[in-house]
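Down below is the structure, laid out as structure tokens.
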Amino acid sequence: MSSTPTAPAAPARYNFHETEAKWQKVWEDRQTFKAAMDKARPKYYVLEMFPYPSGRIHMGHVRNYTQGDVIARYKRAKGFNVLHPMGWDAFGLPAENAAMEKKVHPKKWTYENIATMKTQLKSMGLSLDWSRELATCDPTYYRHQQKMFLDFWKAGLAYRKEAWVNWDPVDNTVLANEQVIEGKGWRTGAPVERRKLTQWNLKITHFADELLSRLDTLERWPEKVRLMQANWIGKSRGARVFWQLTDASGKDHGKLEIFTTRPDTLYGASFMALSAEHPLVAGLAANDPGLQRFVAECRKTGTAAAEVETAEKQGYKLPLLAQHPLMPGKTVPVYAANFVLMEYGTGAIFGCPGHDERDHEFATKYGLPILQVVAPADGTKIDIAAAPFIEDGVVVNSDFLNGLDVEEAKSRVIARLEEMGVGKGTIQYRLRDWLVSRQRYWGCPIPAIHCESCGVVPVPDKDLPVELPDDVTFDRPGNPLDRHPTWKHVACPTCGKPARRETDTFDTFIDSSWYFDRFTSPQLTTAPFDREENHYWMPVDQYIGGVEHAILHLLYSRFWTRAMREVQMTSRDEPFDGLFTQGMVCHETYRASDGSWLTPEEIERVEGGKVVRLSDRSPVEVGRSEKMSKSKKNVVDPDQIIRDYGADTARWFMLSDSPPERDLEWTEAGVTGAWRFQQRLFRIATAALEGLPPAGTPKPAAFSDAATALRRAAHKSIAGISTDIEAFHFNKAVARLYEFANTIDSVKAEDESTKWALREALEIFVRLIGPMTPHLAEELWDALGHKSLLADSPWPLPDDALLVDDTVTVAVQLNGKLRGTIALAKDAPKDIAEKTALALPELARGLDGKTPKRVIVVPNRIVNVVV
RNA sequence: GCCCCCGUGGCGGAAUUGGUAGACGCGCCUGACUCAAAAUCAGGUUUCCUCACGGAAGUGUUGGUUCGAGUCCGACCGGGGGCACCA
């Protein structure tokens, strides 16, 4: 089988080419999907994560937007005023890379890609309101972003800070913590370096507690995503404790503040450890070349996971002693250590080797005492010198804490520390502030000006937007804005003296942190959005996208919404009421004998299930199904599929078989199967249409048995498919539609009531497939004689009376094993059920003359005879 | 290492949440139509025993709870994801 799809051209076929183009034009001409605020109607905001205009749409987009479109069209039919917009996440590094490689300006490259992808999306027949289209690289968009940033700055939510930052050596820019995955840049995969720079930060930690606690209320979010965010925010309870420092002569060196989650083990302290980047260490290093060397050595050690795991604990003894806050006269040595992170807590810890693995390793290496202060609750003896005891237990060797369990000891010791004024109970978050400066061109300029006399000053409102200059060069690495001859030279808005414009641009995750708000009034020039419009449409009722944004984009958006609330732009807390994360689109991988990857078009399946290369018939190794990616060449172009099979086929295949949250394997057979079903539907409907009563024929007074059976199937389909769509069980909805189609196909419409029921069934069927295969549905709706558009027609309502059967099939079990089934009237009394079951010959044979000990009857379900 | 999710036919997956396991689709097999093929239509398709009627086993392994377990509980094995020197 060649993987080049060949849709055979036989007569009497559904011509999807003409039909899809026809209805797309009708929808566009009539502005069917244009949304307008209407306070009299309930709204529903459906949004799929907007694409980065990388060049062409891929199958992941097709899946994402198909799912969103099913929801949008369904909700629309259910009577909601639906907002379903589309835009472009248009700033980003690929545009700059293209500029360097292909000598094309990022702006040109981006807008050309947008044009291409827009055409592609339109060919999918999505129910989008294109009048709200936006691109984040448009100054009419990012001017509002600059203004909001200035407001946040004024409100203390944005600040500049010198700190050790993550530097991506390939992209030549800093990265936020969220963008470092296992010590590597999220885009480039290059090991991240440490650099000390002054950068802009947004105070996401200000909302740490709220961002965490509100997760519980996001009931329509996947549990998995909420969990990932909770872990990322990483709340831990503990205490900050102050230790008085002296040198050997007893001279006061101030207080050292440490953070611990185990204040209950304070009596087991045997050393203090400071991060190599701790200010105190920096101070001491000034006159200590050995310490300088140690600090430099620590800096060299990478942050990559593998390195961290194998790196040996290293310490450098400082000329200091720390006075134990609870044990007068007891002092412990102070070290600088490579395993203490400056970014977490206070950058300093107390070492308790008995009950912490790292401290144990460190103490063993440097010969420090290992004290046991917690014992197993069951009295088991342990060798604390051999291994630390990390579990909970009973506190020992700890003065007033002795005999308490760990939790109780924590509260007692915190209370004592607070009483004495040497510590306090605190909550520590893993979450760090969001570093938003990027040393790149193709992003939103940060609206700030550096003046030698006035410091860093905001760009005045009247000068917004700060627009990117077009005349930039990409002939060498570094930030083109920084080397632009004139752009950065401006007068200080405060004193008028020559000053320098900020040349960093914003992290592009800012662009995507509020675009859903902008969609509510995309043309407004005076503000990011109109309050009334925004209040009507927001929050997004259903957001759909990839799980890879579980932390980055989704957490940033939740932060941005809160920052806007802080500056009184909105009163909302959360942007997304419902979230759905769809799975990836995968495909088999193919490898030629020389090890190179082959595309699905370059291979052919031959006799015996073997695969060969088309060009030279050489054998091909078939690899496991993986996410479609250019590097492995296992990609299928949506354009080609839509051209050869039509948008409805692509959409149908995307929805069938695999549950939407799971990975989907793209197969040629699956697509042709979906295509055949479209054709079959067209045939079934066309055949059934002959001899049907015209639309609007009055309902017959009585129905034949066949007619009633068909009507039951139809109305059960409505109920089932509605539930399935609401629950995102599109694959189940598809299965039900297959069943319903099979039922319709098997009906012989001989009497008038069956003919009426057949028309009813067809009309229902067409409306049910509407959200999934809208073009075919619209075509059949038209063929059924309707003047209005299906897209404007309401969702069918099931007749409750037809949803329940009068007879039910009840299973008969003997000792829990199926022996047969009986037909009973619905809700038949238990004794009737029992009697009928016992009369079943298969049961009697199994009983073999024995008397039942007990009979369990579950109405309408099962009769279990126990012997 | 810690946290979370998932293991069902040849394949993708259903199973009203403790009540007839394998819906629906793909693939495969048989038949019809055809000179033939494609397309289409009809039938079959968990495994094993049986010509058949029937019967037995069966949801990663294993133990338990229950009249009854794919579903609940314990242990283990396998796969995937997130976090990770976070004190």
Side-chain angles (χ1 to χ4, degrees), chain A residues 6 8 10 13 181-183 222-232 234 236 238 258-262 265 273 275 301 303 305 307-309 311-313 337-341 343-352 355-359 361-362 390 428-432 547-548 550-551 625 653 656-659 661-665 667-674 676-677 679-680 683 720 723 729 731-742 745 809-821 842 845 852-858 860-867:
Chain A
T6 43
R13 264 173 211 288
I181 316 288
E182 291 181 351
E223 187 60 40
K224 181 170 70 167
V225 174
R226 290 194 274 169
L227 204 84
M228 279 165 70
Q229 291 210 356
N231 287 341
W232 186 262
S236 37
I258 60 102
F259 173 74
T260 178
T261 56
R262 294 294 303 274
T265 63
S275 164
T301 319
T303 47
E307 275 183 83
V308 163
E309 260 165 42
E312 202 186 340
K313 304 274 172 292
N338 64 345
F339 66 95
V340 181
L341 303 174
E343 300 89 355
Y344 187 75
T346 60
I349 59 160
F350 83 87
C352 178
H355 307 281
D356 181 281
E357 274 181 35
R358 292 152 303 176
D359 297 349
E361 191 185 327
F362 190 84
I390 305 153
Q428 181 68 41
Y429 296 93
R430 211 188 72 104
L431 184 71
R432 321 259 165 82
V547 73
E548 66 273 18
I551 294 169
S625 188
F653 177 66
S656 42
D657 292 355
S658 291
E661 70 278 9
R662 263 193 244 175
D663 289 352
L664 172 145
E665 192 183 346
T667 61
E668 203 52 46
V671 182
T672 49
R676 277 203 300 270
F677 184 64
Q679 296 294 335
R680 178 161 171 248
R683 274 198 309 276
T723 314
H729 294 158
N731 55 323
K732 283 154 79 173
V734 163
R736 280 187 215 269
L737 284 167
Y738 274 117
E739 282 180 286
F740 188 21
N742 292 340
D745 198 21
T809 307
V810 170
V812 179
Q813 297 181 332
L814 178 62
N815 288 336
K817 279 195 175 180
L818 185 70
R819 288 293 130 169
T821 57
E842 289 93 332
R845 197 163 351 128
K853 213 189 295 174
R854 205 175 141 193
V855 180
I856 289 142
V857 180
V858 181
N860 302 327
R861 285 221 197 284
I862 211 157
V863 177
N864 189 14
V865 180
V866 186
V867 293

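All chains are named by letter (A, B, ...) in the order of the sequence lines, taking the proteins before the strands, and each is independently numbered beginning at 1.
When each of A:D359, A:D356, A:T260, A:L341 is paired with A:I349, the side chain to side chain contact (heavy atoms under 4.5 Å, CB included) condition holds for A:D359 and for no other. Tested against A:N731, the residues A:P659, A:S656, A:S658 include a single side chain to side chain contact (heavy atoms under 4.5 Å, CB included) partner, A:P659.
OP1 and OP2 of B:C24 both lie 4.0 Å or more from every side-chain N or O belonging to A:N731. Contact annotation: A:Y738 side-chain N/O to B:G25 OP1/OP2 distance is not under 4.0 Å. In this structure, A:K817 does not reach the B:A56 phosphate: none of its side-chain N or O atoms is under 4.0 Å from OP1 or OP2. For B:A87, one of the phosphate oxygens OP1 or OP2 lies less than 4.0 angstrom from a side-chain nitrogen or oxygen of A:S236. Not one side-chain nitrogen or oxygen of A:R662 sits closer than 4.0 Å to the OP1 or OP2 atom of B:G80. Listed pair A:R854 / B:C67 meets the phosphate criterion, a side-chain N or O lying under 4.0 Å from OP1 or OP2. Of the side-chain N and O atoms in A:R676, none sit less than 4.0 angstrom from OP1 or OP2 of B:C41.
Per the geometry, CD1 belonging to A:I181 stands 13 Å off P belonging to B:G81, to the nearest Å. Between the P atom of B:C5 and the CG atom of A:L227 lies a distance of 8 Å, rounded to the nearest Å. The CZ atom of A:R861 sits 6 Å away from the C1' atom of B:U16 (whole-angstrom rounding). The CD1 atom of A:I551 sits 12 Å away from the C1' atom of B:C3 (whole-angstrom rounding). In this structure, A:I856 places its CD1 atom 15 Å from P of B:U20, rounding to the nearest Å. In this structure, CZ of A:R358 is placed 12 Å from C1' of B:C2, rounded to the nearest angstrom. Protein atom CD of A:E661 is 10 Å distant from nucleotide atom P of B:G13, rounded to whole Å. Here B:G25 presents its P atom at 14 Å from CZ of A:R736, a figure rounded to the nearest Å.
Across all strands shown, B:U47 is found opposite B:A56 as a Watson-Crick or G-U wobble partner, with both distances under 3.5 Å. Across the strands present, B:G68 finds no partner; the criterion is a Watson-Crick or G-U wobble pair with both atom distances under 3.5 angstrom. Base pairing annotation: B:U40 forms a Watson-Crick or G-U wobble pair with B:A32, both donor-acceptor distances under 3.5 Å. Partner assigned to B:C24 is B:G12, using Watson-Crick or G-U wobble distances below 3.5 angstrom. Base-pair partner of B:G7: B:C77 (Watson-Crick or G-U wobble, both distances under 3.5 Å).
Counting heavy atoms from C-beta on, the side chains of A:D657 and A:L664 never come closer than 4.5 Å.
For B:A87 and B:C6, the P atoms lie 28 Å apart once the distance is rounded to whole Å. The same atom, C1', is picked in B:U61 and in B:G10; the two are 23 Å apart, to the nearest Å. The gap from the C1' atom of B:U62 to that of B:G78 amounts to 15 Å, rounded to the nearest Å. Comparing the P positions of B:C53 and B:A69 gives an interatomic distance of 28 Å, to the nearest angstrom. A gap of 10 Å separates the C1' atoms of B:U59 and B:U71, to the nearest Å. Remark: the separation of the C1' atoms in B:C28 and B:U34 is 22 Å, to the nearest Å. Comparing the C1' positions of B:C77 and B:G63 gives a spacing of 15 Å, expressed to the nearest Å.
For CD of A:E357, the number of neighbouring non-hydrogen atoms (other residues, nucleotides, ligands) closer than 6.0 Å is 12 at most.
Residue A:S656 is classed as having no contact, given no heavy-atom separation below 4.0 Å to the nucleic acid. Using a 4.0 Å heavy-atom cutoff across all strands shown, A:F259 reaches at least one base atom of the nucleic acid. In this structure, A:T667 reaches neither bases nor backbone, as no heavy-atom distance under 4.0 Å exists between it and the strands shown. Residue contacts for A:V340: at a heavy-atom cut-off of 4.0 Å it reaches a base atom on one of the strands shown. Nucleic acid contact class of A:K224 (heavy atoms, under 4.0 Å, all strands): none. Residue A:Q813 is classed as a base contact, given a heavy-atom separation below 4.0 Å to a base. In this structure, A:N864 reaches the bases: a heavy-atom distance under 4.0 Å links it to at least one base atom across the strands shown. A:V858 comes within 4.0 angstrom of a nucleotide base, judged by non-hydrogen atoms across all strands. At the heavy-atom level, A:N742 lies under 4.0 Å from the strands shown only through sugar-phosphate atoms. Nucleic acid contact for A:K853: none, since no nucleic acid atom lies under 4.0 Å from a heavy atom of the residue.
Side-chain atoms of A:N231 stay outside donor-acceptor range of the base of B:C83, with no qualifying N/O pair under 3.5 Å. Taking only distance into account, the side chain of A:R432 meets the base of B:C86 through a donor-acceptor pair shorter than 3.5 Å.
Between A:Y344 and A:F259, the ring-plane angle classifies as perpendicular under the 30° and 60° cut-offs.
The cationic group of A:K313 lies under 6.0 Å from the six-membered ring centre of A:F339 and within 45° of the ring axis, placing it in a cation-pi geometry.
Look at B:G9: its glycosidic torsion is within 90° of 0, and that puts it in the syn range.
A salt bridge is defined here as a Lys NZ or Arg NE, NH1 or NH2 lying under 4.0 Å from an Asp or Glu carboxylate O, and A:R358 with A:E361 fails to meet this definition.
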